[in-house]
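First the structure, in the form of structure tokens, and then the observations on it.
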Number of protein chains: 2
Amino acid sequence: MKQRSDRISILDIATRAGVSPATVSRVFNSPEQVSETTREQVLHVAREHGYRPNASARTLRTQRSRVLGVVLPTLNNPVFTECLQGIAQATATHGYAIMPATTEYKVNHEMEAVAQLQAFGVDGVILVVSDAQSSKALERLKTSKTPYTLIYNRHPDHPCVSVEGELAVHELVQKMVHLGHTRIAMVCGQLKTSDRAQQRYAGFVSGMRQARLEAAELIEVPFVETAIEQISVSLKKDNRPTALICSNDLLAIRAIRAAHQCGLRVPQDISVTGFDGIQLGQDLTPALSTISQPNYEMGRQSVLLLVKAINESRVPESRESLTLACQFQWGESCAQAPAPHCANT
Amino acid sequence: MKQRSDRISILDIATRAGVSPATVSRVFNSPEQVSETTREQVLHVAREHGYRPNASARTLRTQRSRVLGVVLPTLNNPVFTECLQGIAQATATHGYAIMPATTEYKVNHEMEAVAQLQAFGVDGVILVVSDAQSSKALERLKTSKTPYTLIYNRHPDHPCVSVEGELAVHELVQKMVHLGHTRIAMVCGQLKTSDRAQQRYAGFVSGMRQARLEAAELIEVPFVETAIEQISVSLKKDNRPTALICSNDLLAIRAIRAAHQCGLRVPQDISVTGFDGIQLGQDLTPALSTISQPNYEMGRQSVLLLVKAINESRVPESRESLTLACQFQWGESCAQAPAPHCANT
DNA sequence: CTGAAAGCGCTAACAC
DNA sequence: GTGTTAGCGCTTTCAG
């Protein structure tokens, strides 16, 4: 009975194929160096036994694991899973495997995740951090010369694949103003745990200022579980906003529900916009208006950037950072401001 | 300048701490065997240099990687990412890392994914396969004595963590019948790529039969991109169904949109139910009626099952399979059948 | 084109 | 309680 422990090794294949282990190795790593006959012979035996070179041994020997680490805040938000799919697709085509870790938005988890990934000898790391400016994890990556690329985060000192969130929200405010909205509020999660949210908020503030609108209300929703209730509070006020600009799509979905629960119709009574462009948003009714990011493509590009550097035995540089286009996607959740007299239903 | 290649090793730590590598190893693997003074000394040096034992070397030596492979159809469906979170949480608390792979519902990808994971020396694999009965990947896992656990799939010959989907749908049909529905259709993806969907469909058929209802319509939607249009076709027919039982929540969401596009109100004109209990479903309006599975918990349990077996140096047995409870969750997308005369608006 | 041999970093006997 | 040593499976000079 075959035991797990006697996994077939390069030596077994070599013996059975009547060649040396070196030749078997060559068949897998530089097949052109092996004569066709022996190569076929070896491959035949290998296939017969379902043999694959042991990755740990190879990693130990070559100092390359062909594994990329991925550090994400959570898998609860489709924006990250869409991006992860892009990463997975691109790594697969380049012969890499991935090892993901989530931080659940806890800053100290970032460091732990990175340390663990380094212990596994990953060739590089793709990450979304809470705050690129102050991240200890990035510091460690930098001093240990581990190749890494940030994604979604945007910072001049790091290689990033990101979008101009601040600008996008700024322009979105203008759009809403053109639609006649004057009482516009921003809804976001905990600002301090996300530099992206901060940037989006900055765009909101500057947009409101440029439009000469004051009272740029901020509805900060620390816990998703209570988001709907919290948003509802603002919607029940006199002089409630006629437009909610949410810092992500998940919040926008909850804002829409909050509006419904307050007896407001979306978009007739109140407009709601999101940010991220998660695929699901377009299957909802009303379809989400959102600033759509190319999430899958961002994941893909971050892999390309990283793998290119790795192949050149260097780390990605901040000047290689990529800014991808994001654009406002009209959806049914967004319309002209209601006529003034019926705004405070 | 520190190069990536001269990563600090156990020998460096040993030298700097004035002990042998064996002692350093003991500090990390069986600290109680080391005197407190030397232990502290070693730990101090290790922390100072941010040292962690090289996982590849350890794996090579011990034949245990402390990595679990996870094979899922896609990350596009929250049901799998919720489950993956449960897996990630449980593996983390047990000191395991995970290496995920997606098959995109392609049966032949299953084998490839498993082979790759085995090359990485994973200690076990958690997977969702297209069809447990015929899966070559499962066969390979079995003959190579690699510990594995199926999740969502339900099959007597394999260790599974699953729910009784067939029964749940059967009972759901009864519920709908009690609500006065007689024209009930099932909506599902490609039946042939999912044994779960087949089981749910079987429950639908048996439920309809028991209720003495005929014409159990099946709306098979092979591509998500065209789901809404395809469902709309059925909704525009004379004698359209008054209730749609969807084989998953993502389909239910699209069915709701299709209904809206056909001018039907949910649930007044038509009821829609899903299956899976994705979290997002409860934040929608109407909130999804669905057969709710404990996705996170299923992921967690599959890890426990697998890790337990691994720790006992054996493979999980089919008799250890776990059936978790799923239950119908009332939501706003489901109501009494409309009065007969206005059913065909 | 192929083989022999050293060694990647670690752990587990086995000594002391 | 601690050190010595062999070897996990592989790749990669170096010889031939």
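Worth knowing before you read on, the calculation uses all heavy atoms, side chains too, and leaves out hydrogens, waters and symmetry mates. Just so it is clear, the model here is predicted, and its values are computed rather than measured. Chain letters run A, B, ... following the sequence lines, proteins first, then strands; residues in each count from 1.
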Q) Would you call A:Glu139 and A:Lys142 a salt bridge, taking side-chain N to carboxylate O under 4.0 Å as the test? A) no

Q.
Are A:Phe120 and B:Phe120 an aromatic pair, judged by ring center distance below 6.0 Å?
A. no

Q: Could you list all the side-chain hydrogen bond (donor to acceptor under 3.5 Å, both in side chains) pairs where at least one residue sits in residues 124-135 of chain B, not counting sequence neighbours?
A: B:Glu110-B:Ser135, B:Asp131-B:Ser134, B:Gln133-B:His155

Q. Base, sugar-phosphate, or nothing: which does A:Thr38 touch, judged by heavy atoms less than 4.0 Å apart?
A. sugar-phosphate

Q. For B:Tyr51, which contact category applies under a 4.0 Å heavy-atom criterion: base, sugar-phosphate, or nothing?
A. sugar-phosphate

Q. Can A:Arg300 and A:Glu297 be counted as an ion pair, charged N to O under 4.0 angstrom?
A. yes

(Q) Using a 4.0 Å heavy-atom cut-off, does A:Val24 contact any base of the nucleic acid, only the sugar-phosphate backbone, or nothing at all? (A) nothing

Q: Note the angle between the end axes of the helix from C:dC1-D:dG16 to C:dC16-D:dG1, five pairs defining each, rounded to 10 degrees.
A: 30°

Q: Tell me which nucleotide among D:dG9, C:dC10, C:dT11 gets nearest to the side chain of B:Ser25.
A: C:dT11

Q) Does the pair B:Arg314/B:Glu312 count as a salt bridge with the N-to-O cut at 4.0 Å? A) yes

Q. Would you say A:His44 has more than 12 foreign heavy atoms packed within less than 6.0 Å of its NE2?
A. no

Q | Separation of atom CG in B:Leu60 from atom P in C:dT11, rounded to whole Å | A | 11 Å

Q.
Taking the nucleotide of DNA chain D with the nearest heavy atom to each, does A:Ile10 or B:Ser20 sit closer to the 5' end?
A. B:Ser20

(Q) Without decimals, in angstroms, what is the distance between B:Leu11 CG and C:dG7 P? (A) 13 Å

(Q) Strictly below 4.0 Å: does B:Asn54 bring a side-chain N or O up to OP1 or OP2 of C:dC10? (A) no

